[in-house]
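Comments concern the structure below.
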Amino acid sequence: MGDVHDDGDFLELRPARQIQEPGTIVRHLCRIVARGGCLLLNIGPSPEGDFDPEAYDRLQKVGEWMKLNSEAIYETRP
């Protein structure tokens, strides 16, 4: 579930943060690709339009892993 935010004019349900660790993302990616799938990461802005810097950090680390291991991911077959 999430947190309820009350700014005085309305109530807003904000989902709980669920940013996975880079290693978890990579393990999911490998498992999904091994079964013939594609991984879609849903990283969207907050209600204020900002992106969480932690999400950018996770994407950077996964990107670093991909630079070294992309041959095992792209154009693979189960």
Side-chain angles (χ1 to χ4, degrees):
M1 199 52 136
D3 300 319
V4 176
H5 174 71
D6 180 3
D7 75 351
D9 293 327
F10 64 93
L11 293 176
E12 173 185 6
L13 177 64
R14 292 183 179 174
R17 289 182 25 165
Q18 296 181 3
I19 300 174
Q20 300 292 320
E21 293 294 324
T24 302
I25 296 169
V26 167
R27 283 190 296 278
H28 285 303
L29 173 64
C30 293
R31 190 174 306 121
I32 291 167
V33 168
R35 294 175 178 152
C38 299
L39 177 64
L40 173 65
L41 297 174
N42 183 12
I43 299 174
S46 70
E48 293 79 25
D50 300 325
F51 285 89
D52 189 334
E54 193 174 356
Y56 281 117
D57 179 63
R58 299 295 198 263
L59 290 174
Q60 180 68 35
K61 290 180 178 167
V62 171
E64 290 169 6
W65 184 89
M66 285 294 296
K67 283 181 185 177
L68 297 173
N69 300 287
S70 61
E71 187 176 320
I73 298 296
Y74 292 116
E75 298 185 38
T76 60
R77 303 288 180 260

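Bear in mind the structure is a predicted one, so any value in this text is a computation, not a measurement.
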> Between Ile73 and Cys30, which heavy-atom pair has the shortest distance, and what is it?
Replying inline: CD1-SG, 4.3 Å

> Which pair of heavy atoms, one from Leu39 and one from Ile32, lies closest together, and at what distance?
Replying inline: CD1-CD1, 3.6 Å

> Where is the tightest heavy-atom contact between Arg58 and Gln20, given as atom of each residue plus distance?
Replying inline: NE-O, 2.9 Å

> Can you list the residues that meet the side chain to side chain donor-acceptor pair (under 3.5 Å) rule with Asp57, with sequence neighbours excluded?
Replying inline: Lys61

> Should Ile19 and Trp65 be regarded as members of a common hydrophobic cluster, given that ILVMFWY residues are connected when their side-chain heavy atoms come within less than 4.5 Å of each other, either directly or indirectly?
Replying inline: no

>> Any non-hydrogen side-chain atom of Met66 less than 4.5 Å from a side-chain atom of Leu29?
In response: yes

> According to a 4.5 Å side-chain heavy-atom criterion applied to Ile, Leu, Val, Met, Phe, Trp and Tyr, with indirect links allowed, do Leu59 and Leu68 form part of one hydrophobic cluster?
Replying inline: no

